[in-house]
Structure formats: structure tokens, C-alpha cells
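Have a look at the structure below before the remarks.
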Protein chains: 2
Amino acid sequence: MSKGEATRERILDRAFLMAGRDGLDGLTIGALADELKLSKSGLFSHFGSKEELQVAVIDLAESRFTELVMLPAFKAPRGLPRFERIFEQWIDWVMDTRTPGGCIFAQAIAELDDRQGRPRDVLVQTQETLVDALAKSAQLAVDEGHFKKDTDARQVAFELHGIMMTLNMYTRLLKDRRAVDRARQAFKRLVQFHTP
Amino acid sequence: MSKGEATRERILDRAFLMAGRDGLDGLTIGALADELKLSKSGLFSHFGSKEELQVAVIDLAESRFTELVMLPAFKAPRGLPRFERIFEQWIDWVMDTRTPGGCIFAQAIAELDDRQGRPRDVLVQTQETLVDALAKSAQLAVDEGHFKKDTDARQVAFELHGIMMTLNMYTRLLKDRRAVDRARQAFKRLVQFHTP
DNA sequence: GATTTTTACGCACGCACGTTCTTATTTTCA
DNA sequence: TGAAAATAAGAACGTGCGTGCGTAAAAATC
């Protein structure tokens, strides 16, 4: 790996944290440069524009999510075990104390939802991919006979998403220690409902 | 009502919209003044600081939510009818096409969740009040015999919250037309599960 | 209608933003 | 090792930010 690539990774690693706390707009080139002891222009030249930096952060977030949530889950047998594994890994992702501000997607979604531009387009793409993956995983549980035949996999994906978003909010905003229990209980009810 | 109060209301009305779209940080005094054809300093003098403006917007959001969601719901008989009415009014709140950026609370929650300061404190207060109200409403359904005796009202509040957050995201970010149906189905499942 | 109080403006300030150049330094590779 | 290429720094730009102050206009009060 060249020097440039290494620096770029170091920048993005920090940018990922800053964007989770302060949002993709709050993510500022000057502050980022200070924290990394780089010059503004030196940092800037790695991306060419702030928008590109934002896009790179979203891309990084997606690949980390895949790495930390989806890939481990795929080691579990398809169907319910894998679906449950996604849920548990996702909990770890949301509760990770190293990422202040909570799930970076929650930040980005609220920030970009009714705007225009490449960052939004990229985010929509990642979220659609995620929803598809969740639905597919739920559908596999149907196919394996773990869920009822008439289970609507996309509906299950919708509801799981809701559980995770609420977990994030209860934990980060309300500082509710019981949030994880609540999420687990909600998930249990979701699974139970669709179990034949 | 004095002239000053009228102007202040006019400012907040617009600020409410801007904050929903661009967030409480993206809410900017200069842009707000331009839209309202006021001078920056003239507008500023109504609040004394940007932070106070942000707090005023959160307060306005809460009172509007109470007015548009909770108060109408209280006309329904307590128990399940009222609980269902909260849900339906809340849908209207989230789907309101006059508010670009979707539910302003979704914005504010993501923005302020791991920060410090008065805006955050005020937001936490409003969200705790909301959660309490939801839980109380669910508890009334238990008391009236519409929900099972062992139903955990706060758990129901948690899950309802999740449905609404997901409705907001699917609608605003993913532009999914079926989001309302999904929300209704999730709600139906929630109610059904707790029905004796 | 005169006076006092309220409300709004104009201007300026210091600061941080994203961005663009030019220049110096470091890496890379023949 | 020396030439070429990649990387980082530095200084400067225009812009917009929140904020403070003195003053003019308007409204409220008597």
C-alpha cells in the first residue's frame, strides 16, 4: 500500500467517527485535519471536495457494516439461525462504545433524507441493499420452514429495522440501559409470530 | 398579541420547517432572515442566541405534536381505541407533506443524541414525556381489558416508536409508497399479540 | 398627540468554512 | 542513485456564520 492510500485510510477512519458524532455536515475538514495533524489542503487533496469525502465515509460505513454484521452472520446456517445472528451482530454494531453518536447510518439517514446529491444517492443505495439483504435472509427462513409460509419477508425486514432504530435512540438519546432487553424482546416477539 | 410576539411566531413557524429539512445546526439565522425578509440582527434579537432559537423550535415541535397527535387521540375512549387513534394521528404527523425532511424529532434525535447542552436536554425531556404518554396509553388498554394483563406497557411503547421511526425513514429516504401499509401491518401485529 | 417602550435595521467584528493555487518535500521506481 | 511522480504544506481567496452595538422607525401607553 502506498503512502497516499495509508493516509487516506487514516483520514477516513477518523472521519467515520466524527461523522457519527457530528453528522456528515458537521464533519469538517479543518477539524479533521487538526485531529490528524495534517494541513487542511493536504487532507483536502485526497478527496477533491467535501462531498467526495462524505461519500467515502458512507462507503466505509457500508463496508464496515458488511464486515462486522453481515459476514459473521453468514457463517450461521441459513434460515432462522442466520437471521438471529444478524440481529445479534447488529446489536453489537449499534452499541459499540467506540463510536460516539451511535450508528452512523441513523445520523446520515436523518440528515440526507429529503435532500439531493451524490451522498444521498449513495446512502439510499446502501440502505436498499441492506433492506434487500434482510428480506432475503427472512425469506430463507421461510424457505427452510422456520417461518410460516405466508410470512412477508419484506415486512419482517421493516419491523427488524424499526427495532434497531429504536435501540439506537433509546441507548444514545435516552441512555436507557434496558434498551437492549427491549430490543431482544421485540425481536423474540417478531420471530415467535412468524414461527409456524 | 404584540407585534414582537407575532414576528416571533412567524419566525418559529419557518424555523420549524427549515430545521426539519436541514437539522437544528443547518438551521441558519442568515437564511432564515432572508426567507422572512428580515435582517439578521432583527431576527437574532428575538432569541439572543442560536441555541435559544433551537430550543424554541424544539418546544414548538413538542406543542405541535401534542396538538396534532395527542389531543385528538384523547377524544377517543381510553384503552385500545385511544391507542389506535394515537397511531393514526402519528401517521398523519410523519406523512405531512408540508414538512420536508420528515419528522423533525427524527432529525433532532440523530443530531443531538450524543452531545451536550440545553437543546439536547430539552429534546430528551420531550422524548421522555412522549414515551411516558405512550406507555400510559398502553397501560390504560391493559386496565380496560383490551390488552393482556401481563402486557409490558413500556415495551409496547418501545415497539410503537420503532414502527414510526421506520415509517419515517422508508417514506423520506427510500420513497417507499408501501411504507404506511407496512406500518399499519406492524401495528396490527403489535395489537394482536397483546390482545387477550 | 406626546412620550416611552418595543421592535427592527445597518454595519461591523472575528472566525471557520470549502476551495484553489504555488511550492517544498518525500516516495517510488528505472 | 537520480529522475519522475506522488504527497503534503502554506498562504490566500471569498463566503457565510453567530454575535454585538448604536440608531432609526414603529408601536404602545398615557
Side-chain angles (χ1 to χ4, degrees), chain A residues 1-59 107-108 111-112 115-120 122, chain B residues 1-59 107-108 111-112 115-120 122:
Chain A
M1 181 169 54
S2 72
K3 176 95 190 300
E5 286 176 75
T7 308
R8 191 187 150 98
E9 286 198 8
R10 208 163 57 90
I11 294 169
L12 283 175
D13 187 72
R14 191 62 78 104
F16 177 83
L17 294 179
M18 196 180 288
R21 191 168 10 104
D22 304 326
L24 287 164
D25 279 330
L27 172 63
T28 179
I29 292 171
L32 196 53
D34 280 354
E35 288 192 15
L36 294 164
K37 298 204 163 72
L38 287 173
S39 67
K40 268 208 301 177
S41 56
L43 190 154
F44 184 85
S45 65
H46 282 270
F47 302 94
S49 74
K50 177 167 183 182
E51 201 174 272
E52 278 310 304
L53 171 61
Q54 293 174 325
V55 168
V57 167
I58 297 170
D59 283 340
Q107 269 280 358
E111 214 170 345
L112 304 178
R115 292 206 211 160
Q116 291 194 340
R118 237 167 74 73
R120 188 203 129 90
V122 172
Chain B
M1 182 169 53
S2 71
K3 176 96 191 298
E5 286 177 74
T7 308
R8 190 188 151 98
E9 286 198 8
R10 207 163 58 90
I11 294 169
L12 284 175
D13 187 70
R14 191 62 79 102
F16 177 82
L17 294 178
M18 195 180 287
R21 192 171 5 106
D22 304 325
L24 287 165
D25 279 332
L27 172 62
T28 172
I29 290 170
L32 196 54
D34 279 355
E35 288 192 14
L36 294 163
K37 295 193 163 79
L38 286 172
S39 66
K40 267 209 302 179
S41 55
L43 191 155
F44 183 84
S45 65
H46 282 270
F47 302 94
S49 76
K50 177 166 183 183
E51 200 173 274
E52 277 311 303
L53 171 61
Q54 293 174 326
V55 168
V57 168
I58 297 170
D59 282 340
Q107 269 280 359
E111 213 170 345
L112 303 179
R115 293 206 210 160
Q116 292 194 341
R118 237 167 74 73
R120 188 203 128 90
V122 172

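This is a predicted model, so every value here is computed, not measured. Letters go in sequence order (proteins before strands), and every chain restarts at 1.
For the contact set between residues 14-32 of chain B and DNA chain C, defined by any heavy atom under 4.0 Å, there are no members.
For the pair A:K50 NZ and C:dG18 C1', the interatomic distance rounds to 8 Å; values are reported in whole Å. Rounded to whole angstrom, the span from the NZ atom of A:K37 across to the P atom of D:dG10 amounts to 14 Å. Between the CZ atom of B:F47 and the C1' atom of C:dT7 there is a distance of 13 Å, given to the nearest Å. Atom CD1 of A:I11 is separated from atom C1' of D:dA8 by 10 Å (rounded to the nearest Å). Following rounding to the nearest Å, B:E51 (CD) and D:dG18 (P) show an atom-to-atom distance of 13 Å. As rounded to whole Å, 15 Å separates atom P of C:dC15 from atom CG of A:D34. As rounded to whole Å, 14 Å separates atom C1' of D:dC17 from atom CG of B:L43.
Every side chain to side chain contact (heavy atoms under 4.5 Å, CB included) that B:D59 has, sequence neighbours left out, goes to B:V55, B:V122. In this structure A:E5 satisfies the side chain to side chain contact (heavy atoms under 4.5 Å, CB included) test together with A:M1, A:S2, sequence neighbours excluded. Not counting sequence neighbours, the partners of A:E52 by the side-chain hydrogen bond (donor to acceptor under 3.5 Å, both in side chains) test are A:R118. A:T28 meets the side chain to side chain contact (heavy atoms under 4.5 Å, CB included) test with A:A31; sequence neighbours excluded. Listed by chain and residue number, B:S39 satisfy the side chain to side chain contact (heavy atoms under 4.5 Å, CB included) test with B:S41 (two or more places apart in sequence, or in another chain).
Distance from the side chain of B:L38 is smallest to C:dC9 among C:dC9, D:dG18, D:dA9.
A salt bridge (Lys or Arg N to Asp or Glu O under 4.0 Å) check over residues 6-18 of chain B, counting only residues at least two apart or in different chains, returns the pairs B:D13-B:R64, B:R14-B:E35.
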Sequence neighbours excluded and cut-off under 3.5 Å, please list the side-chain donor-acceptor pairs for residues 16-24 of chain B, or say none.
none

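For C:dA8, the OP1/OP2 oxygens have a side-chain nitrogen or oxygen of B:H46 closer than 4.0 Å.
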In the 5'-to-3' direction, what one-character label does each nucleotide of nucleotides 20-30 of chain D receive under the scheme B = base within less than 4.0 Å of a protein heavy atom, S = sugar-phosphate only, - = no such atom? B-------S--

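Judged purely by atom type and a 3.5 angstrom limit, A:K50 uses its side chain to pair as donor or acceptor with the backbone of A:D25.
Summarising the geometry, atom OG1 belonging to B:T7 is positioned 9.5 Å from atom CG belonging to B:L36; distances are rounded to the nearest 0.5 Å.
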